[in-house]
Amino acid sequence: MRLVFAGTPETALPSLRALLDSPRHEVVAVVTRPDAHSGRGRKVHASPVAELAASAGIEVLRPAKAGDPEFLARLKAIAPDCCPVVAYGALLPQAALDIPKHGWINLHFSLLPAWRGAAPVQHAVLHGDEITGAATFQIVKELDAGPVYGVVTERILPADTSGELLARLAESGAGLLAATLDGVEDGELEARPQPAEGVSYAPKIEVADARVDWTAPAMRVDRLVRACSPAPGAWAEFRGERLKIGPIAPVPEGEEPVPGAGALAPGEIAAAKNTVLVGTATRPVRLGDVQPEGKRRMTAGEWARGVRLTPDDRLG
């Protein structure tokens, strides 16, 4: 099939590579978000998908909105059979959905109808799911509600961050997307409606949502930190400034790596040698790396020695 691939971040690259390597399909163009400012110098950079497409000699379309008349006209002229989508990052109007013969087929990183929305992997980690996965489905106007072609499952490991889990799903999902397109071309694969039960939503996690609440149980704190790693990054306030946190590890029951730390109040800090503990509503957690505002990432031990902790210091 003639394909126009829509995607933007690195997460989409395994799928684009799989389709570029497919002997059955031809990727004739990609659709991606416009070039954006990024990095320390805030320079303008093309998206990872745009860079890969350019290196492969493929046309890159960067509409400000997917409903722009110029974009729709170009898409009609290209006449794709199908438009596979992975983390494109913009809404698609009906005028765009109607152009390809087989519609737009999205690879979504959850087991639909669970975690529809922008941050399915983060919410799966945050809510303590044990199993997640990826699904391919036909895009419709309602958010992530279209009929499903296929799924793959993935176990969420106890120490998984969102970044680690998403990297695995991007690889396994690439195979699922390629197989879905093969089945659609052969006419052997039929999308099935999502069940009405079990619908949940995964809105984007903002910086304000990533602030650690030390009055929560240690398990909840751990899930938040892992869910927000690498982005937007969990944080707490220390001496009036933001301190990025991650990873952490709840201290096992009965273990006391710092004498007296078992009685730490929420947000209270205890340090000894290279171990830094913080109290929660249940048991303390051990800090891994931290990053003070405007400074480099460092171990919690380095940070504690540098700031010279006092008995009155708290993470808030």
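No hydrogens, no waters, no symmetry mates; every other heavy atom, side chains included, goes into these values.
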Hey, are the side chains of [X] and [Y] touching, using non-hydrogen atoms and a 4.5 Å cut-off?
X: Leu309; Y: Val307; value: yes
X: Leu287; Y: Ile245; value: yes
X: Pro80; Y: Leu75; value: yes
X: Arg286; Y: Thr275; value: yes

Is there a path of hydrophobic side-chain contacts, each under 4.5 Å between heavy atoms of I/L/V/M/F/W/Y residues, joining [Y] to [X]?
X: Leu165; Y: Val86; answer: yes
X: Phe109; Y: Ile205; answer: no
X: Leu189; Y: Leu181; answer: yes
X: Val278; Y: Val221; answer: yes
X: Val225; Y: Val276; answer: yes

Verify, without hydrogens or angle tests, whether [X] (side chain) and [Y] (backbone) share a donor-acceptor contact under 3.5 angstrom.
X: Arg62; Y: Ala50; value: no
X: Gln194; Y: Asp144; value: yes
X: Arg116; Y: Ser110; value: no
X: Asp209; Y: Glu206; value: yes
X: Glu268; Y: Gly279; value: no

Is the count of non-hydrogen atoms from other residues, nucleotides or ligands lying under 6.0 Å from [X] atom [atom1] greater than 12?
X: Arg220; atom1: CZ; value: no
X: Met219; atom1: CE; value: no
X: Ile131; atom1: CD1; value: yes
X: Glu190; atom1: CD; value: no

Applying the side-chain contact (heavy atoms from CB on, under 4.5 Å) criterion to Asp81, which one of His25, Glu26, Arg2 satisfies it?
Arg2

Residue that, paired with Thr132, satisfies side-chain contact (heavy atoms from CB on, under 4.5 Å) out of Thr153, Val125, Leu169
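Per the side-chain contact (heavy atoms from CB on, under 4.5 Å) rule, the option paired with Thr132 is Leu169, out of Thr153, Val125, Leu169.
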
Under 3.5 Å, which donor-acceptor pairs do the side chains of residues 5-17 form with other protein atoms, sequence neighbours left out?
from: Thr8; atom 1: OG1; to: Thr32; atom 2: OG1; distance (Å): 3.4
from: Thr8; atom 1: OG1; to: Arg33; atom 2: N; distance (Å): 3.3
from: Thr8; atom 1: OG1; to: Tyr88; atom 2: O; distance (Å): 2.8

Working to the nearest 0.5 Å, report the span between CG of Leu3 and CD1 of Ile78.
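Leu3 atom CG to Ile78 atom CD1 measures 11.5 Å (nearest 0.5 Å).
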
Rounded to the nearest 0.5 angstrom, the CD-CZ distance for Glu185 and Arg24 is 4.5 Å

Looking at [Y] and [X], is any side-chain nitrogen of the basic one under 4.0 Å from a carboxylate oxygen of the acidic one?
X: Asp68; Y: Arg74; answer: no
X: Glu164; Y: Arg226; answer: no
X: Glu241; Y: Lys295; answer: no

ring-ring contact (aromatic ring centres under 6.0 Å, His included) involving Trp104 - partner list, sequence neighbours excluded:
none

According to ring pair (Phe, Tyr, Trp, His ring centres under 6.0 Å), does anything in residues 220-240 pair up with another residue at least two apart or in another chain? List the pairs.
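Ring pair (Phe, Tyr, Trp, His ring centres under 6.0 Å) check on residues 220-240 returns Phe238-Trp303.
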
Pair Asp182, Glu188 - check side chain to side chain contact (heavy atoms under 4.5 Å, CB included), show working.
CA-CA 9 Å; Asp182 291 348; Glu188 298 176 351; over 6 Å; no

Going by distance alone, is a donor N or O of one side chain under 3.5 Å from an acceptor N or O of the other, for Thr180 and Thr136?
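On atom types as modelled, these side chains qualify, holding a pair under 3.5 Å.
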
Asp129 and His123: side chain donor to acceptor below 3.5 Å
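No donor-acceptor contact under 3.5 Å links the two side chains.
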
Give the intermediate values and the outcome of side chain to side chain contact (heavy atoms under 4.5 Å, CB included) for residues Leu107 and Val85.
CA-CA 6 Å; Leu107 173 65; Val85 185; over 6 Å; no

